[in-house]
Each structure stands twice: as structure tokens, then as C-alpha cells.
Amino acid sequence: MSETPKYAVMGNPVSHSKSPLIHSLFAEQCGIVLEYRAIHVDEGRFESAVRQFRAIGGKGLNITVPFKMAAWRLSDRRSTRAELAGAVNTLKFLDSGKIYGENTDGAGLIQDIVVNLGRSVKESSVLVIGAGGAVRGLLGPLLEAGPAIVHIANRTAAKALELSAVFSGFGPCTASGLNEIGSASYDIVINGTAASLQGDVPDLPTSIFTEDTLAYDLMYASKATAFLVWADENGAAQCSDGLGMLVEQAAESFQIWHGIRPQTAGIIRQLR
Ligand code: ATR
């Protein structure tokens, strides 16, 4: 068995994942020798795939769709953020035999918005569109960043209301259906829906944008997502896809495993 510490990302599909490239660039930068690969896991096989990876010397895993909730269940210990998110994207295998679960998605988003894009979340008004797993994972860190208000708007209003009930203890948080948001405008608008995957744009009024609004799509693709094209055409001042968040959440995972946070700006540029 090779002595090189083994890491991987598990998902389905996973072949498109940029995580192996990002983690090898981080390792090179930090002078750490490691192996990091993408592992395709069939539905229903997640737990056994994790155990098998550990048995061959695996030290940690990133987890992507559709296994983040299964990873949460498999974790013996979780951070408060992961606990609340109900989803885990980073597993660390502890020497004690236990598994530690963390969710670095929200921290990665905040880092990208504040440091890379130079926007303040503190005192800002934030509209979050969507109420699925992706949004649930980022609400804790978003509210911790001290916004004036976070409004969650979702096609199915009940899901948005459910999330705001869970998170309202952490900061000012309201919710509604997409068609109930009125004429309010926001400093930051985050698209956390799966609509961009189908080339769709959530049905929202363009009055959400001002000449200072940052429009952010959690998705990334080789060209601007449907949401970002729409935001740009309808008055958003600044538009960003989720590539920076992807690199930043990876840096957070890297720190959990190796105790050092790599520099990210050069790597985001390189990936573009
Ligand atoms: P994820 O884990 O990626 O967040 P999910 O849990 O399936 O995926 O959630 C998908 C989100 O995208 C939901 O908020 C969904 O809205 P509903 O709760 O009403 O289903 C939203 N969504 C998907 N397609 C959409 C579309 N075409 N327009 C608006 N919202 C959409």
C-alpha cells in the first residue's frame, strides 16, 4: 500500500469535478504530498464506499451531490454549522476511528463575496432565492456575517418559511414565495435554485436589482448562467458565478485536513 495520504471527492455524477485539480494545486503550493481523486459512487453504495476508502488508507473526503445528507448521517461528530445545515461536504477520518463532518460551503461563499469580490455582507440586505439543500448549507454562515436582513424567496413558499423558522434564531431572516417579494431591492442577490441547470431563471421582478447590487449564482459553468445573463441585462451592478466559492470551500476543507489554508486568488484566476 502506498504511504501517500489519500483524499477524494465522492459523488454521482463526479467526473466533471474540479476538486482533484484544485486540491493538487493547493498541495503543490503548500509543499504537501497527497493523492486526491474523484470517485463515482452508485446510489445506495455511499456508506460502503466510504468504509472501503478508509480501509485502503483514506484520510478524508469531500462529498458532493447527492450524498451530502448521507455524509451528515455517517458523521460521528459534526460542527455546529454542519449540524444546522443538515448536510456535510467534508469528512475527516480521526485517529480514534470516529468520523468528523463539516460543511464548508457557506464559509466558502462568504469568503468569495467578502474577500474576492470586495463586498460587505455586514449590514447588507440579502435576497436568497431557493430553499433546497444548497441554501440550507449557507444560511448559518451568511447570518453569522451580520447582514441587516436575509430574505429567502422560493417557488414553493412553504419550504422558504420552514428554513426561516429554523434559522431566525441566528439573525434577521424572513421568507416568502417568489411572487410575494413586492418591490424591495437588495444589496446582494444569491441564486441558490437549480433553475440555471435547466437554463431557467426564477420568476422574480427586476426591481430586486439596484445599480449597486451583486448578483451571485452558486452554479458555475464555462459561460454565464441564465440567471447571471438576466441579472446583467436587468440592472445588477456586479455579477459572479460560484467558481470562487468552489475554490474557497475547497480551501476550507484543505485547512481541516492539513492545518493550513492555501492562497486561493491565483488558483481562481488559473481555473478561469
Ligand atoms: P439543491 O440541493 O441543489 O439545493 P434541491 O434541494 O432539489 O437542490 O432544491 C432545488 C431548489 O431549486 C428548490 O428551491 C427549487 O424550488 P422548489 O422548492 O419550489 O422546488 C428550486 N428550483 C428548481 N428549479 C426551479 C425553477 N425553474 N424556478 C425556480 N426555482 C427552481
Side-chain angles (χ1 to χ4, degrees), residues 9-14 16-19 41 43 46 62-74 81-90 101-110 112 126-143 150-167 173-182 186 188-209 215-221 224-231 233-234 236 241-243 245-246 249:
V9 55
M10 285 186 174
N12 182 352
V14 80
H16 66 285
S17 172
K18 291 190 192 298
S19 292
V41 176
E43 298 258 2
F46 176 69
N62 282 131
I63 309 300
T64 188
V65 175
F67 300 118
K68 290 185 188 185
M69 273 146 65
W72 186 91
R73 289 192 295 272
L74 197 60
R81 280 177 180 184
E83 193 65 41
L84 270 173
V88 151
N89 75 341
T90 306
E102 173 60 290
N103 189 320
T104 65
D105 287 332
L109 171 73
I110 300 302
D112 194 35
V126 183
L127 174 64
V128 176
I129 314 162
V135 166
R136 191 180 176 108
L138 60 84
L139 284 173
L142 184 59
L143 287 164
V150 170
H151 185 78
I152 309 165
N154 192 45
R155 187 173 60 183
T156 311
K159 286 202 221 165
L161 292 163
E162 208 176 296
L163 275 190
S164 82
V166 172
F167 285 92
C173 188
T174 54
S176 71
L178 292 179
N179 53 4
E180 293 159 345
I181 70 161
Y186 295 86
I188 301 173
V189 176
I190 298 168
N191 180 28
T193 70
S196 283
L197 282 179
Q198 306 123 31
D200 273 353
V201 175
D203 191 14
L204 284 164
T206 56
S207 50
I208 56 175
F209 300 122
Y216 194 102
D217 200 332
L218 299 186
M219 301 269 163
Y220 66 90
T225 65
F227 170 76
L228 292 179
V229 169
W230 174 76
E233 283 171 355
N234 288 286
D241 67 13
L243 184 69
M245 171 181 170
L246 175 78
Q249 64 76 28

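Whatever order the structure lists them in is the order used to number ligands and atoms, beginning at 1. If you're wondering where the values come from, they're calculated on a predicted model, not measured in any experiment.
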Within 4.0 Å of some non-hydrogen atom of Q198, the atoms of ligand 1 are 24 (N), 27 (N)

Any heavy atom of R136 under 4.0 Å from ligand 1? The part involved is neither

| Exam field: side chain R81 to backbone G137, donor-acceptor pair closer than 3.5 Å | no

Under 4.0 Å between heavy atoms, the region of T193 that gets near ligand 1 turns out to be both

key: K18 side chain near L243 side chain, heavy-atom distance below 4.5 Å   = yes

Atoms of ligand 1 under 4.0 Å from any heavy atom of T156, numbered from 1 in the order shown, are 17 (P), 18 (O), 19 (O)

| Short N or O distance, V201 and ligand 1, threshold 3.5 Å exclusive | no

| message | When you compare the side chain of M219 with that of N191, does any pair of heavy atoms fall below 4.5 Å? | response | no

For D200, the atoms of ligand 1 under 4.0 Å from one of its heavy atoms are 27 (N)

Side chain of D217, backbone of L228: donor and acceptor closer than 3.5 Å? no

Checking heavy atoms under 4.0 Å, the part of R155 that sits near ligand 1 is both

Any side-chain heavy-atom pair of V41 and N12 under 4.5 Å: no

### Query
Does the N89 side chain pair with the main chain of T104, one donor and one acceptor, at a distance under 3.5 Å?
yes

Quick note on ligand 1: atoms under 4.0 Å from a heavy atom of G130 include exactly 14 (O)

Q.
In the structure I gave you, are the side-chain heavy atoms of I129 and V189 within less than 4.5 Å of one another anywhere?
A. yes

Taking only non-hydrogen atoms of K159 and a 4.0 Å limit, the atoms of ligand 1 in range are 17 (P), 18 (O), 20 (O)

Short version for N154: what comes under 4.0 Å of ligand 1, heavy atoms counted, is side chain

- Query: So, is G133 polar-close to ligand 1, with some N/O to N/O distance under 3.5 Å?
  - Reply: yes

Review point. Considering distance alone, does some N or O of P202 sit under 3.5 Å from an N or O of ligand 1?
Key: no

Heavy-atom closest pair (I190 atom, L109 atom, distance to 0.1 Å) is CD1-CD2, 4.0 Å

Atom 9 (O) of ligand 1: of G177, A195, G132, P66, the nearest heavy atom sits on G132

Q: Consider every N or O of A194 and every N or O of ligand 1, then say whether any pair is closer than 3.5 Å.
A: yes

When distances are taken from atom 3 (O) of ligand 1, the protein heavy atom at minimum range is A134 CB, 4.1 Å

Query raised in the report: Which word best sums up how the rings of F227 and F209 line up, parallel for under 30°, tilted for 30 to 60°, or perpendicular for over 60°?
Result: tilted

So OG of S17 and CG of L246: to nearest 0.5 Å the spacing works out to 7.0 Å

Review point. For atom 7 (O) of ligand 1, is some protein heavy-atom partner under 4.0 Å away?
Key: no

